[in-house]
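Worksheet: the structure to be examined is printed underneath.
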Amino acid sequence: MIAAIRTHGLCRNYGPVRAVTDLDLVVEPGQVFAFLGPNGAGKTTTIRMLLALQRQTSGRAEVLGLDCGRDYVEVHRRTGYLPGELALYPRMTGRQHIAWYAGARGLRDLSLAGALAERFDAVLDRPARELSKGNKQKVGLILAFMSRPELLILDEPTSGLDPLMRSEFAGLVREVTGEGRTVFWSAHELDEVQRLADRVAIIKQGRLVATETVENLRASTPQMVQARFARPVDPALFAAIGGVSVTACDGMAVQLRVTGAIGPVLRAVADHDPVDFTAQHADLDELFLAYYREPAAPELSHAP
Amino acid sequence: MHHDIPMRPHIAWLDLSNRRRGLTGYCLGMAVYTLAVVAMYPAFKTSSSLDKLIASDSTAAALFGISGSISTSSGWLNGNIYANFFPLVMLLLTIGYGAACLAGQDEDATLGLLAVLPVRRAVIVAQKAAAIAAQAAALAATVAVLVIIGRSFQLSTTAADVVSVSAAVFLLGLDFGLITMAAGALTGRRGTAVGTGTALATASYLISSLAPVTSWIRPGRYASLFYWSVGNSQISRGVSVGDYAVLAAVGLCALTAAMLAFRRLDIH
């Protein structure tokens, strides 16, 4: 099966700055693929390379089986794009933008554009300079979706949308992927994509630090173990177990962060007369914050 | 693998539509100025004082593109319209648009939506060039029509000469617009593009204007696009095929350079 997006060793340097380094990415068709990272991580640069808006320094990128650099016209024909910082022509209305864009793309059927405008309650008859950020974003979403592209590349698509419209957008994404089309969704936060994304990639300082399904990510988050004992215990006993770090200890109780197997921990706890024991996976957002914060990726990362 | 949508002038049309008010202003202003100049000709036709003034300081007059008698029909049109004011306004129009159409739009972040259309980048450049040509043609046609109408004010210049020299100014404007666009495509910076176009146009104007009165500049006049359009008495002797050929060749080179540069431009 031809991947919707495939990159191999993709690099982009701006002078001495390495914006994207050795990016290997595979997005299967029909997926919602969340591309997460903090500001300046290289998300937008990657998207621009996929659309041949910027050239890669080295490496290779394919979209829908087409070489991004050589076959960019065909890539553009089959792709819908919402830029991260959407700029519209200030004097033109949303309706004029849609009509012009449809004409320029050779699109005659504007029924979907009309339906999307209704669905998003878009303001189409005021000049773009008078529109709020959210209303401009709605016009951008209509432009991206209205040609029923096989692949949608959306850079911060929910930026400026209110919760109701975010929900509407989520429904639209579900419909699109239900038709077998693919959504490549760049975002800052896991929270807004975790209910929809099939796979998540995390990029930090231009490098891919993890690619996983949301379920696997959840499963691979560290377990936070709390144990209380009938008598004081030496926390070094637990720290000596592989994949265990002691995050708190008050003599009679310990709090552990377990990234390895839980069995040795259970056995060690059982040997010391426990009176209470709880274990739960860490919050997923915490995992992402850890990826963002820490100089090195957490030990759970699964690069492809 | 390229399956372009058949080339429709949507990009050119969009820019012309967005700039229609400005273009109308340029044309109206130039029309009023041209009409005023031709209407004043009878009052100066028999005056010898202007010619004496010019003769007394030919270098200063040359700075304004004036050489020879200004009381003849061709001298009057050349000294007041074709050698200075008309090219200046033309260059304001085409250099301004040339800088805005690629580099300016990239800085405004509106170029991204154009660049993801399913057309080759060369098509985008070609349509921007067509928009420069359309604007320059509108301005040149306005001046030509007004001067031809104004011949009733005792101007003896032939309509053919007016049309041909107006066409030469059109090509002059187109060339500098394309050069500016190419500089913008190369750098992605509007300011650099304007600076490049303006600097080259200024140098070109000074070389052509001062060549008749400054011997050391004279050999350099062939490097001036003004020389090939209005600086070699084209208003009285017509524009030669060679003049047109040089202007067209420079335009083609600039267009090619713009296309090559735009292929490599990082778009934001």
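Reminder, nothing fancy here: chain letters follow the sequence lines and each chain counts from 1.
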- Nearest heavy-atom neighbours spanning A:Ala87 and B:Leu113: O-CD1, 4.0 Å

- Any chance CD of A:Glu179 has more than 12 other-residue heavy atoms, nucleotides or ligands included, within less than 6.0 Å? yes

- Which of A:Met92, A:Arg91, A:Glu85, A:Arg48 touches chain B most, by non-hydrogen pairs under 4.5 Å: A:Arg48

- Considering heavy atoms only, which positions within residues 13-24 of chain B lie below 4.5 Å of chain A? B:Leu14, B:Asn18, B:Arg21

- Message: Take a 6.0 Å sphere around CZ of A:Arg55 and say whether it holds more than 12 heavy atoms from other residues, nucleotides or ligands.
- Response: yes

- Heavy atoms only: give me the nearest A:Leu53-B:Gly112 pair and the separation to one decimal. CD2-O, 4.4 Å

- Minimum side-chain heavy-atom gap A:Arg105-B:Pro118 below 4.5 Å: yes

- Taking it one step at a time, do B:Ile267 and A:Gln54 satisfy side chain to side chain contact (heavy atoms under 4.5 Å, CB included)? CA-CA 6 Å; B:Ile267 294 172; A:Gln54 298 192 352; 5.8 Å; no

- Query: Would one find more than 12 heavy atoms of other residues, nucleotides or ligands at under 6.0 Å from atom CD1 of A:Ile2?
  - Reply: no

- Message: Counting only non-hydrogen atoms closer than 4.5 Å, does B:Leu265 touch chain A with its backbone (N, CA, C, O), its side chain (CB onward), both, or neither?
- Response: backbone

- Message: Using every non-hydrogen atom in the two residues, find where B:Val119 and A:Tyr72 come nearest and quote the distance to one decimal.
- Response: O-CE1, 3.7 Å

- Select one option (side chain, backbone, both, neither) describing which atoms of A:Leu82 are under 4.5 Å from chain B's heavy atoms. neither

- Query: Looking at residues at least two apart in the chain, or sitting in another chain, which of them share a salt bridge (Lys or Arg N to Asp or Glu O under 4.0 Å) with B:Asp108?
  - Reply: B:Arg190

- Task: Considering non-hydrogen atoms only, spot the tightest contact between A:His76 and B:Val116 and give its length.
- Result: CB-O, 3.2 Å

- Does CZ in A:Arg119 sit with more than 12 non-hydrogen atoms of other residues, nucleotides or ligands closer than 6.0 Å? yes

- Query: Which heavy atom in B:Leu114 sits nearest to a heavy atom in A:Trp100, and how many Å separate them?
  - Reply: CD2-CH2, 3.1 Å

